[in-house]
Amino acid sequence: MNLANVLEQAKVASDPQSLLQCFPYAQALGISASWDNEKLVAHLAFDQHIIGDLGAAALQGGAISTLLESTAVLSLLWSVEKIQMPQFMNHSVEYLASGRPKPTHAQAEIVRHGHQIANVRTIAWQGDRSAPIAAAHTHVLLVPESK
Amino acid sequence: MSSPAVPPPDQLLALDRLLRLSPHNSFLGIKLESAKDNRLSVSLPLRDELLASTSEGGVHSGVVSSLLDTSCSLAVMLKLGKLIRVATLDMRIDYLRSAPAEGTLFSRATCYRLGDQIAFVRGVAYTVKDGKEDKVAEAASSFLVIHQQRVSA
Amino acid sequence: MEAKYQLIRTFFDEDIPFNKLVGMKVTVLGEGHAAIRVPFKPELIGDQRRPALHGGVLSALIDAAGGAAAFTRVNLPGDTLSTLDMRVDYLRPAKLQTVIAEGHVSRMGNRVASVDIHCYHEGEPERHLATGKAVYNVRRSSTDKPTLQ
């Protein structure tokens, strides 16, 4: 499946969800995407398999981190003209509250979009948007490094 | 409430059981490899479902995040010598190279400073080829130690 | 190699006014690693009541030591570096004593360098005051510059 074709079609149809067919792990985890007030929002459905700690019924930090990273990538892909799979340089997550067993949502803001590097801030929340459960800073290399 | 220190062999078993009890870790298939002298390592056999993209590249960076979160949090409990609940406060991950698509991904973590409430942990995710480690990502993280809550495993 | 190290030393010790203000001196340079030392002076105190050094002194020192370590792995003169991103974990308050930061390059890419840094009081290398991870953008002077679209 060609990412460029899928992205082009998704943009024509204005359907970010169709992009997820290119991302097996995000899909396996239960991530979806939709529009909210013309902004791309990604969702992580609750499922037993994203629980990290049964006793505390808390979501695994890595699952929340995955949602944040996926949101950053989806938003970047959506906003760029030239299609290239972004490569993560680093990703820093602050966990603000434990994730409860319910749906989680995330939205990204592209702070800077340079020629080589993009800086993205992403927040994740559950019921109340003004009470985020995690926030991330992500640095992405837009032109993959030659090995 | 104070918890008795768990002796090493039992502790290893307890950490292993704790790992198996976590639905997300079971879903991913993370296994405990070793735990001694403050250093803990886990492994994750890779499979197609964990791939980032259908068109190119290796496992999703989120898989690497989950693996590092697991190894780092277990490293805190190893250092504590007790199964006490810990919560990730923050984790910064540097991706050093693109992740592999197949084989086994390993992670090792060390809790290098344990305060009353906060633990600092470094972790690394790597692959092994011809007996040589090749780093995929490094993590720097801090954890809140919730002394009131013991974890049952 | 010695000529390159001398360039790094001069650059960090003499050419950066801020480093001079803080009192930084490069003490160790080797392939992929560097150490920088800051002797105590009262201007570096952040909290008079504790008393402890200002956190900014440690983070500036961490940035400098990381940069110096990364410089040992690029072509000089010519290539330049800039800090893209840095994380500092403050582990304990710094006493009013000499502080040393050591940087070790963990990965050197074509365009980015990742460095691990830790700092400690002179004579207590095992007792870390703060640790850092920094990423530097490497700008190559040679012809294989990445092309911009």
Side-chain angles (χ1 to χ4, degrees), chain A residues 1-6 20-29 31 44 47-70 72-73 84-98 134-141 144-145 147, chain B residues 18-28 30 46-73 83 85-99 137-144 146 149-153:
Chain A
M1 208 174 325
N2 186 314
L3 178 65
N5 290 344
V6 173
L20 278 150
Q21 61 183 289
C22 296
F23 303 100
Y25 179 64
Q27 265 195 321
L29 205 65
I31 291 174
L44 174 60
D47 187 301
Q48 191 73 5
H49 70 214
I50 59 170
I51 291 266
D53 184 337
L54 266 185
L59 302 190
Q60 221 259 20
I64 297 170
S65 176
T66 306
L67 172 67
L68 292 165
E69 290 189 20
S70 300
V73 167
Q84 222 164 6
M85 191 62 182
Q87 185 184 332
F88 287 109
M89 282 170 57
N90 57 57
H91 175 67
S92 191
V93 186
E94 295 163 309
Y95 294 95
L96 309 171
S98 69
H137 291 210
T138 308
H139 263 112
V140 180
L141 204 55
E145 267 211 308
K147 207 114 210 231
Chain B
L18 189 67
L19 191 57
R20 285 165 203 278
L21 273 174
S22 157
H24 187 63
N25 294 334
S26 311
F27 163 71
L28 288 171
I30 300 176
L46 301 179
R47 57 182 197 269
D48 285 354
E49 192 183 30
L50 306 182
L51 291 179
S53 153
T54 45
S55 52
E56 56 183 292
V59 291
H60 196 287
S61 45
V63 174
V64 182
S65 294
S66 290
L67 187 66
L68 285 163
D69 189 65
T70 298
S71 61
C72 290
S73 59
L83 295 184
R85 180 152 290 132
V86 299
T88 323
L89 283 176
D90 69 66
M91 174 166 287
R92 175 221 165 92
I93 301 176
D94 286 306
Y95 295 101
L96 306 179
R97 65 174 172 95
S98 49
E138 289 180 329
S141 58
S142 61
F143 286 82
L144 182 67
I146 309 170
Q149 295 184 23
R150 276 204 75 184
V151 187
S152 45

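To find a chain, count down the sequence lines: A is the first, B the second, and so on, and within it residues start at 1.
Of all heavy-atom pairs between A:Ser70 and B:His60, the closest is OG-NE2, 3.3 Å. The two residues A:Gly61 and B:Asp69 have their closest heavy-atom pair at N-OD2, 3.5 Å. B:Asp94 approaches A:Asn90 most closely through the heavy-atom pair OD1-CB, 3.0 Å. Across all their heavy atoms, A:Leu29 and B:Phe27 have their closest contact at CD1-CE2, 3.9 Å.
Residues passing the side chain to side chain donor-acceptor pair (under 3.5 Å) test with B:Ser66 are B:His24, sequence neighbours excluded. Residues passing the ring pair (Phe, Tyr, Trp, His ring centres under 6.0 Å) test with A:His91: none are found, sequence neighbours excluded.
Separating the OH atom in A:Tyr95 from the CG atom in B:Leu89 is a distance of 10.5 Å, to the nearest 0.5 Å. Between B:Thr54 atom OG1 and A:Phe23 atom CZ the span is 7.5 Å, to the nearest 0.5 Å. The CG atom of B:Asn25 sits 11.5 Å away from the CD1 atom of A:Ile51 when rounded to the nearest 0.5 Å. Between atom CE of residue A:Met89 and atom CG of residue B:Leu96 there is a gap of 10.5 Å, rounded to the nearest 0.5 Å. For the atom pair CD (A:Gln48) and OG (B:Ser26), the distance works out to 10.0 Å, reported to the nearest 0.5 Å. Note that CG of A:Leu141 is 14.0 Å distant from OH of B:Tyr95, once rounded to the nearest 0.5 Å.
Both the backbone and the side chain of B:Val63 come within contact range of chain A, with heavy atoms under 4.5 Å apart. At a 4.5 Å heavy-atom cutoff, the contact between B:Leu28 and chain A is made by side-chain atoms alone.
Looking only at heavy-atom pairs under 4.5 Å with chain A, the residue among B:Ala52, B:Ala137, B:Ala139 that has the most is B:Ala52. The residue among A:His137, A:Glu94, A:His139 with the most heavy atom pairs within less than 4.5 Å of chain B is A:Glu94. The candidate from A:Asp53, A:Asp47, A:Leu68 with the greatest count of non-hydrogen atom pairs under 4.5 Å with chain B is A:Asp53. Comparing B:Gly62, B:Ser141, B:Gly57 by how many heavy-atom pairs each has under 4.5 Å with chain A, the most go to B:Gly62.
Between the side chain of B:Ser22 and the main chain of A:Gly52, a donor-acceptor pair closer than 3.5 Å is present.
Here the side chains of A:Ser65 and B:Met91 are not in contact, with every heavy-atom distance at 4.5 Å or above.
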